[in-house]
Number of protein chains: 2
Amino acid sequence: MPLDTPVDATDTVAPVADLHTVLQALADPVRLEMVRRLAAGGDGPVRCSALYDGVSKSTASHHFKTLREAGITRRSYVDGVVHHTLRRDELEEALPGVVTSIVTALD
Amino acid sequence: MPLDTPVDATDTVAPVADLHTVLQALADPVRLEMVRRLAAGGDGPVRCSALYDGVSKSTASHHFKTLREAGITRRSYVDGVVHHTLRRDELEEALPGVVTSIVTALD
DNA sequence: ATGCTTGTTCGATGCTCATCAAACTTATCA
DNA sequence: TGATAAGTTTGATGAGCATCGAACAAGCAT
């Protein structure tokens with residue numbers, strides 16, 4: 001559904017952003033919770049609606065965009081609905097330990 | 001020199017704050033650089049003036065307070081001037097790997 | 001077709017916070 | 001006793017951003 005949707009099933013992904021951008025993205029409680037739920041989802045794609053509570057759709061979409069642009073998540077389309085995936089491997093390569101330790105501390 | 005200065009040489013320290021507070025503290029570029037310089041200082045006390053550039057004294061003092069209240073640094077007085085120290089051990093205990101990996105990514 | 005659902009975009013609003021200058025405190029030095 | 005230096009605090013200002021509702025786009029159902 002997005003205007004800039006690619007034809008195939010998965011968005012082209014941006015490189016993982018610099019540390020400051022990643023930390024800024026993770027410093028918001030709503031986004032931190034989104035990442036927590038993505039990690040709890042066993043690293044598979046999770047549908048949008050399962051990633052937030054208590055904020056409006058438009059706010060959630062804004063946070064998705066922030067996470068995506070920081071290189072933390074990837075967007076894909078399964079069963080016609082949007083899903084998000086934690087980019088564990090790329091993050092580990094670019095910023096070893098950072099996201100892993102944060103996710104661990106989140107339990 | 002602070003109004004709430006204890007009599008002895010080192011401030012009483014607050015507990016390490018929760019993950020969200022710590023991330024929020026580290027998400028600012030000025031504070032991130034302060035932490036980088038503290039880490040580069042080999043975990044010893046570093047004098048205030050060596051921890052920042054490009055911002056005013058009052059701004060720097062504000063950032064010091066933020067780091068201290070997040071439990072990331074400790075303030076002490078050596079040779080009559082204020083020093084700051086990275087609380088490596090307490091941070092590692094409260095949030096294993098988080099600050100360590102961030103500092104490592106900072107090199 | 002018509003509607004319903006899902007997600008994005010836009011515009012507006014309000015709050016948080018980074019920043020500075022100025023005044024103040026304490027200590028050190030002449 | 002001044003005078004200077006180092007940090008802190010306060011008050012004000014401005015920018016960024018989290019939030020929402022509304023309008024829109026795309027897909028699926030009936």
Side-chain angles (χ1 to χ4, degrees), chain A residues 1-12 14 17 20-35 37-38 45-70 73-85, chain B residues 1-12 17 20-35 38 45-70 73-85:
Chain A
M1 21 257 315
L3 286 183
D4 58 350
T5 304
V7 183
D8 63 346
T10 300
D11 279 8
T12 49
H20 168 238
T21 302
V22 170
L23 288 180
Q24 196 133 337
L26 296 176
D28 180 272
V30 174
R31 289 191 291 263
L32 198 52
E33 173 65 15
M34 287 174 166
V35 169
R37 297 193 186 185
L38 282 172
V46 181
R47 35 181 249 286
C48 277
S49 54
L51 293 174
Y52 66 96
D53 280 314
V55 294
S56 68
K57 263 191 314 179
S58 53
T59 297
S61 189
H62 158 68
H63 288 307
F64 289 143
K65 186 176 187 180
T66 301
L67 287 173
R68 219 179 318 126
E69 291 180 344
T73 59
R74 180 202 340 279
R75 181 168 56 176
S76 59
Y77 301 84
V78 343
D79 297 333
V81 294
V82 181
H83 283 60
H84 291 271
T85 308
Chain B
M1 3 293 294
L3 285 182
D4 58 349
T5 304
V7 182
D8 63 347
T10 301
D11 280 8
T12 50
H20 167 238
T21 302
V22 170
L23 289 180
Q24 197 134 344
L26 296 176
D28 180 272
V30 174
R31 289 192 291 265
L32 198 53
E33 173 66 14
M34 287 175 166
V35 169
L38 283 171
V46 181
R47 30 180 255 287
C48 278
S49 53
L51 292 174
Y52 66 95
D53 280 315
V55 294
S56 69
K57 265 193 313 180
S58 53
T59 298
S61 188
H62 158 68
H63 287 307
F64 289 143
K65 186 176 188 179
T66 302
L67 288 173
R68 217 180 318 126
E69 290 180 346
T73 59
R74 181 203 337 281
R75 180 168 57 174
S76 59
Y77 303 83
V78 343
D79 297 332
V81 295
V82 181
H83 283 60
H84 291 271
T85 308

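Protein chains get the first letters and strands the later ones, always in sequence-line order, with residue 1 at the start of each. All values derive from a computational prediction rather than experimental measurement.
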Look at the side-chain N and O atoms of B:R75 and state whether any lies under 4.0 Å from the OP1 or OP2 oxygen of D:dT8.
yes
Are the side chains of B:H84 and B:F64 in contact, using a 4.5 Å heavy-atom criterion?
yes
Let me know the distance between CG of B:D79 and C1' of C:dT28, rounded to the nearest Å.
12 Å
Would you mind reading off the distance between A:Y52 atom OH and C:dG7 atom C1', rounded to a whole angstrom?
8 Å
To the nearest 0.5 Å, how far apart are CG in B:L38 and CE in B:M34?
8.5 Å
Between P on C:dT8 and CD on A:E69, what's the gap in Å once rounded to a whole number?
12 Å
Are B:T73 and B:T85 close enough, and set up right, to give a side chain to side chain contact (heavy atoms under 4.5 Å, CB included), and what steps lead you there?
CA-CA 5 Å; B:T73 59; B:T85 308; over 6 Å; no
Measure NZ/A:K65 against C1'/D:dC17 and give the value in whole Å, please.
13 Å
Do the side-chain N and O atoms of A:S61 and A:S58 include a donor-acceptor pair separated by under 3.5 angstrom?
no
Could you state the OH-C1' distance from A:Y77 to C:dT5, rounded to the nearest angstrom?
16 Å
Rounded distance (Å) that lies between atom P of D:dC17 and atom CG of A:L23:
14 Å
Salt bridge (Lys or Arg N to Asp or Glu O under 4.0 Å) involving B:D79 - partner list, sequence neighbours excluded
none
For the side chain of B:R68, counting heavy atoms from C-beta on, which of C:dG7, D:dT8, C:dT8 is nearest?
D:dT8
DNA chain D nearest-nucleotide lookup for B:H83 and A:A60: closer to the 5′ end is B:H83
Can you give me the N/O atom pairs linking the protein to nucleotides 18-22 of chain C at distances under 3.5 Å, or say none if there are none?
from, atom 1, to, atom 2, distance (Å)
C:dA18, OP1, B:R31, NH2, 3.2
C:dA18, OP2, B:R31, NH1, 3.3
C:dA18, OP2, B:H62, NE2, 2.9
C:dT19, OP2, B:H63, NE2, 2.4
C:dC20, OP2, B:S56, N, 2.8
C:dC20, OP2, B:S56, OG, 3.2
C:dC20, OP2, B:T59, OG1, 2.9
C:dA21, N7, B:S58, OG, 3.4
C:dA21, N6, B:S58, OG, 3.0

If you look only at distance, which donor and acceptor atoms sit under 3.5 Å apart when one is on a side chain in residues 20-31 of chain A and the other is two or more places apart or in another chain?
from, atom 1, to, atom 2, distance (Å)
A:H20, NE2, A:Q24, OE1, 2.6
A:H20, NE2, B:A27, O, 3.2
A:T21, OG1, A:D18, OD1, 3.1
A:T21, OG1, A:D18, OD2, 3.4
A:D28, OD1, A:V30, N, 2.8
A:D28, OD1, A:R31, N, 3.2
A:R31, NE, A:A25, O, 2.6
A:R31, NH1, A:H63, ND1, 3.0
A:R31, NH2, A:Q24, O, 3.4

